[in-house]
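Written below as C-alpha cells is the structure these notes are about.
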Amino acid sequence: MKHEKPTGTFAAEAVLTHMKAAGIDVLFANGGTDFPSIIEAYARQSETGLKMPEALVIPHEGVAVGMAHGYYLMTAKPAGVIVHVNVGLANSVMGLVNARSENVPIMMFSGRTPITEAGRFGSRSSPIHWGQEMFDQAGMVREVVKWDYELRYPEQAGIVIDRAMSIAMSEPRGPVYLSLPREALAEGAEMEIDHRSTITPTTFGPADPALVAEAAKLLAKAKNPLIITQSPELAPDFEPLASFVDKFALPTVEMWAMRQSLPSDHPMMVGRDSTQVLRDADVVVVINAAVPWISDHTSLAEGAKVIAIGPDPQHSRMPIRSFPIDIALAGGINKTIAALAAAMEALVPASETFSERREKWAKVKAAQVEAAAKRAAMGNGSPMTPAYVSRCISDIMDEKTTVVNELGIDPSVMEFKYPRSFFSTPLSGGLGFGLTAALGAHSAPRSKVRAAR
C-alpha cells in the first residue's frame, strides 16, 4: 500500500531549521530526486515562517564545495553543501580533500537513494534509484571527513546537526558528512521548538606553560632565529604574530603559505621560501606548517632546535612526516604565540633592540624588493611574464581586494597589506580550487567579511 504524504511539519524542515540554528547561514545546493522534501520546505517557507539557510543553487558539486571553502576563509564561519546521492558526492570528493588538508570546516550533506522499493512515501520511483544504491556510500569520503553519519529518524535532526557542527568546529577543524535518505526527509516530524542546543566545539588555550617557558628560553638565546608559517589562524588582523616578531626581530618566512601571516611590508616578513634561510637558523619556530621545508632540498643546521606550534603539531593525519620537533606546543595558535611573547618579555631586557639582527634582515628585505621589481619589469614584453602581470594586479589592489591563487600569480612580486587579501591552494593541490574558492569568498556578505577582518 502506498503511503500518503505526511501533513504538517516534515523532517526536511526540521533538518534545515536546525542547520540555521547551528549557525549555517548559506547552503550551496545541487539537488536531485532525493530532495523533493528540501525543495518543498523552501517553497513553503513563506507560509511556515521557519528560518533556514539561504540556498544558492550551484550547477556543479565541485564548485559548491570550493565555494564553501572560500566562504569560510572570508568569514571564519562554516557553510553547508548539499548534493545528489552517490554521484553528487563523488563530484564533491576533491573539494573535500582540499578542505581536510587545510582544516576547513564544511557541513557536507548528500541525499541517499531510497532504500525501500515500495510502500512508503518517498520509495523508489525511477530506475536510477536502483542504479545509485551503494553498500557504503560514506566510504567515498570517510578518509577526508572528521565524522560521518546517516539520518535514520526525523527526531534525530536536532542532535545530529548539533553533533556535526560541534565536531566540524573542534580543533583541528575540518569537514563532516551527513547523508539524508529520501524517505527519512519526507517523514512527518514534530518541530523541537525548545530543542536545547548542544553545539560545544573543542577549542584550545595556550600550550603547556612549562613547555612555553622552555621554548622561550631557547628563542631568547638564539643568534639566528627563524619563524616559518603556512596556515595561521584566521583572525581579524595579523596579531599577535606581527607584534611578537617585530618586538624580538624574528625573521618570518611564509613557506607555501595558504593564508597570510604578516603584511608584505612588515619588516620581519622576509620571503616565501625557507630553503636558503633555514641553513643558518639555530632556533626554528614552525607555526602550523605541515611542510616547513623540503627535506630533499635543504636541512637544518647542526644543533638547531625546532619549536612547533599548532593544534596538532605532529600533523597526525599525514601517514609519513619526519620533520624534527624538539618542543611541541600543542594548543591554540594565537593564544600560544601570545603566551610565548609574554614569556620572552620576562627573559629579554627591555633595553635589547636586536639592532644588528634588524639591520641584517632590513638589507635582505631591501634586496628582495629590488630583485622582485627588476624581475617584474623585465616581463613587460610579448608575451608578458607571470611576474609582470602579477605586479600589475598588485598595483591596482586596495583594502577590499582578495586574491585567491592557484599557482597562477607570483606572490613574491606583489604586496598584500591587509588581512584576508591573499589565499593560496592547499597542499593537497586539488585542481579547481582557485576560481571556486574565489566565488565563495565573493559570495560572503560584506558585513561578515568586515567583522572577520
Side-chain angles (χ1 to χ4, degrees), residues 99-105 143-144 146 167-175 201-222 225-235 238-242 244-245 248 250-262 274 277-278 281-295 298-301 303-344 426-428:
R100 190 66 173 114
S101 173
E102 202 184 348
N103 298 124
V104 169
E143 189 167 342
V144 293
K146 295 180 65 179
I167 293 173
M169 294 297 285
S170 289
E171 297 289 354
R173 295 176 176 180
T202 302
T203 58
F204 296 144
D208 184 325
L211 292 177
V212 170
E214 187 179 343
K217 289 177 184 177
L218 279 180
L219 200 53
K221 294 178 182 178
L226 178 67
I227 309 286
I228 300 175
T229 72
Q230 203 159 71
S231 186
E233 193 173 308
L234 289 175
F238 296 111
E239 297 299 339
L241 183 65
F244 174 53
V245 299
F248 300 107
L250 302 172
T252 302
V253 173
E254 292 184 353
M255 174 63 178
W256 201 276
M258 293 169 275
R259 308 173 187 175
Q260 281 177 278
S261 299
L262 296 172
S274 61
V277 292
L278 183 70
D282 54 357
V283 176
V284 181
V285 180
V286 176
I287 300 176
N288 207 34
V291 185
W293 59 85
I294 304 298
S295 304
T298 191
S299 59
L300 290 167
K305 300 295 184 182
V306 177
I307 301 162
I309 294 174
D312 179 16
Q314 304 290 349
H315 296 273
S316 56
R317 285 186 59 85
M318 291 185 170
I320 288 293
R321 183 184 184 275
S322 58
F323 296 100
I325 299 175
D326 294 285
I327 301 176
L329 299 181
I333 296 172
N334 284 348
K335 291 177 180 177
T336 297
I337 292 171
L340 185 58
M344 288 276 287
L427 299 186
S428 51

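Values reported hereafter were calculated over all heavy atoms of this structure, with side chains retained and with hydrogens, waters and symmetry mates removed.
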Donor-acceptor under 3.5 Å ([X] side chain, [Y] main chain):
X    : Y    : result
K146 : P172 : yes
E233 : N334 : yes
Q230 : A290 : yes

Non-hydrogen atoms of [X] and [Y] that approach each other most closely:
X    : Y    : value
A343 : A216 : CB-CB, 3.6 Å
V286 : W293 : CG2-CZ3, 4.3 Å
P311 : I333 : CD-CG1, 3.8 Å
A222 : P225 : CB-CB, 3.9 Å
F238 : S261 : CD2-O, 3.3 Å
V212 : A207 : CG2-O, 3.8 Å

Which value, rounded to the nearest 0.5 Å, describes the distance between [X] atom [atom1] and [Y] atom [atom2]?
X    : Y    : atom1 : atom2 : answer
Q260 : L234 : CD    : CG    : 11.0 Å
L211 : I327 : CG    : CD1   : 7.0 Å
I309 : L329 : CD1   : CG    : 5.0 Å
L278 : L300 : CG    : CG    : 5.0 Å
I228 : N288 : CD1   : CG    : 13.0 Å
F248 : L340 : CZ    : CG    : 8.5 Å

Candidate pair V285 and L250, rule side chain to side chain contact (heavy atoms under 4.5 Å, CB included), full reasoning: CA-CA 10 Å; V285 180; L250 302 172; over 6 Å; no

R259 and E102: CA distance, side-chain angles, deciding distance, side chain to side chain contact (heavy atoms under 4.5 Å, CB included) verdict: CA-CA 10 Å; R259 308 173 187 175; E102 202 184 348; 2.9 Å; yes

Step-by-step side chain to side chain contact (heavy atoms under 4.5 Å, CB included) determination, L219 to K305: CA-CA 9 Å; L219 200 53; K305 300 295 184 182; over 6 Å; no

Summary of side-chain hydrogen bond (donor to acceptor under 3.5 Å, both in side chains) pairs that have at least one residue in residues 309-320, sequence neighbours excluded: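 Residue pairs passing side-chain hydrogen bond (donor to acceptor under 3.5 Å, both in side chains), neighbours aside: D312-S316.
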
F204: ring-ring contact (aromatic ring centres under 6.0 Å, His included) partners, not counting sequence neighbours: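 Per chain and number, F204 pairs via ring-ring contact (aromatic ring centres under 6.0 Å, His included) with no residue.
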
Test item: [X] and [Y] side chains (from C-beta on) under 4.5 Å apart, heavy atoms:
X    : Y    : result
P251 : V277 : no
I294 : M255 : yes
D326 : L218 : no

Heavy-atom neighbours of E239 CD exceed 12 at 6.0 Å: yes

